[in-house]
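Below is one structure; the comments refer to it alone.
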Amino acid sequence: MPRYASPEEPLPPSAERATVVFGANPLRGAIIRLLALNPEGMTSGAIQRELNTTYQTVFRHLQEMESTGIVTSDAGEKRQGQRVIYALDSSALRTALQGYEAYLLGS
C-alpha cells in the first residue's frame with residue numbers, strides 16, 4: 001500500500017471515512033479543499049507552506065490534477081522561473097465526482 005503524506009490538521013470524520021472507503025489520498029483532498037477556499041488561486045509554494053508538507057509532493061499533485069483538468073494554472077507552456085498561480089476548476093471537479101458517482105451506482 002502506498003504511503004501518503006497527510007495534512008497536519010485531522011480530517012472531519014465524514015471525510016476521513018470517504019478517504020478510507022475510496023482509497024483517496026488525504027493530501028490531494030487537502031490541496032483541492034485549500035484551492036476551493038482560495039478561489040483567486042495559490043502558488044505551489046503557498047500551498048506547501050499552508051499544508052506543511054514537501055514542495056515536490058505538492059507540485060506532483062498539482063501537475064497530475066492539472067493534467068486531468070480539475071486544476072488550472074496561469075503558466076501556459078513556459079513555467080521556468082515563473083510564479084505560477086493554480087486554481088480549482090470547480091465545474092470540472094463536480095463533473096468528475098458526478099461521473100464517479102454514476103459509475104459506482106451503476107447509472
Side-chain angles (χ1 to χ4, degrees):
M1 179 151 191
R3 290 178 36 128
Y4 294 132
S6 295
E8 279 194 337
E9 291 188 29
L11 296 172
S14 61
E16 179 69 31
R17 178 168 163 66
T19 62
V20 172
V21 168
F22 299 115
N25 184 309
L27 182 59
R28 186 169 290 200
I31 293 169
I32 291 170
R33 179 176 167 74
L34 189 57
L35 289 174
L37 294 172
N38 293 278
E40 70 284 356
M42 298 178 74
T43 64
S44 53
I47 295 168
Q48 175 263 318
R49 287 187 297 279
E50 183 74 25
L51 298 177
N52 195 30
T53 188
T54 66
Y55 174 81
Q56 293 84 359
T57 300
V58 168
F59 185 68
R60 180 179 51 82
H61 282 294
L62 288 169
Q63 284 184 313
E64 290 175 7
M65 290 188 291
E66 189 176 12
S67 74
T68 67
I70 68 163
V71 169
T72 61
S73 77
D74 64 355
E77 294 298 316
K78 295 186 179 184
R79 293 175 186 265
Q80 192 171 6
Q82 205 174 5
R83 180 183 153 122
V84 178
I85 303 293
Y86 294 91
L88 181 66
D89 182 334
S90 297
S91 176
L93 176 63
R94 283 187 189 93
T95 298
L97 289 169
Q98 289 168 349
Y100 193 51
E101 179 185 37
Y103 168 75
L104 292 174
L105 298 177
S107 304

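As a basis for the values below, the full set of heavy atoms in this structure was taken, side chains included, without hydrogen atoms, waters or symmetry mates.
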Test applied, side chain to side chain contact (heavy atoms under 4.5 Å, CB included); reference residue, L27; option that passes from T53, I32, T54: T53

Measure the CD1-OH distance between I47 and Y55 for me, rounded to the nearest 0.5 Å. 9.5 Å

Heavy atoms from other residues, nucleotides or ligands near CD of E40 exceed 12 (cutoff 6.0 Å): yes

Which heavy atom of P26 sits nearest to which heavy atom of A24, and what is that distance? CD-O, 3.3 Å

Could you check if a side-chain atom of D89 sits within less than 4.5 angstrom of a side-chain atom of V71, using non-hydrogen atoms only? no

Interatomic spacing from NE2 in H61 to CD in E66 - rounded to 0.5 Å: 15.0 Å

Is there a continuous path of hydrophobic side-chain contacts, each under 4.5 Å between heavy atoms, that joins L62 to I85? no

Looking only at heavy atoms, what is the nearest atom pair of P39 and A87, with distance? O-CB, 4.5 Å

How long is the span from the OG1 atom in T68 to the CD atom in Q63, to the nearest 0.5 Å? 12.0 Å

Could you tell me the separation between the CZ atom of R33 and the CG atom of L88, rounded to the nearest 0.5 Å? 12.0 Å

Using the side-chain hydrogen bond (donor to acceptor under 3.5 Å, both in side chains) rule, take Y86 and T43 through it: C-alpha gap first, then chi angles, then the decisive distance, then the call. CA-CA 6 Å; Y86 294 91; T43 64; over 6 Å; no

Report the distance from atom OG of S44 to atom CZ of R83, rounding to the nearest 0.5 Å. 10.0 Å

Answer yes or no: is there a side-chain heavy-atom contact under 4.5 Å between Q48 and Q56? no

Return yes when atom OH of Y103 has more than 12 non-hydrogen atoms of other residues, nucleotides or ligands closer than 6.0 Å, and no otherwise. no

More than 12 heavy atoms of other residues, nucleotides or ligands under 6.0 Å from CZ of R94: yes or no? no

Flag the pair M42 / L35 as yes when at least one side-chain heavy-atom distance between them is below 4.5 Å, and no otherwise. yes

Rounded to the nearest 0.5 Å, what separation is found between the CD atom of Q98 and the OG atom of S107? 11.5 Å

L97, L34: one ILVMFWY side-chain cluster at the under-4.5 Å cut-off? yes

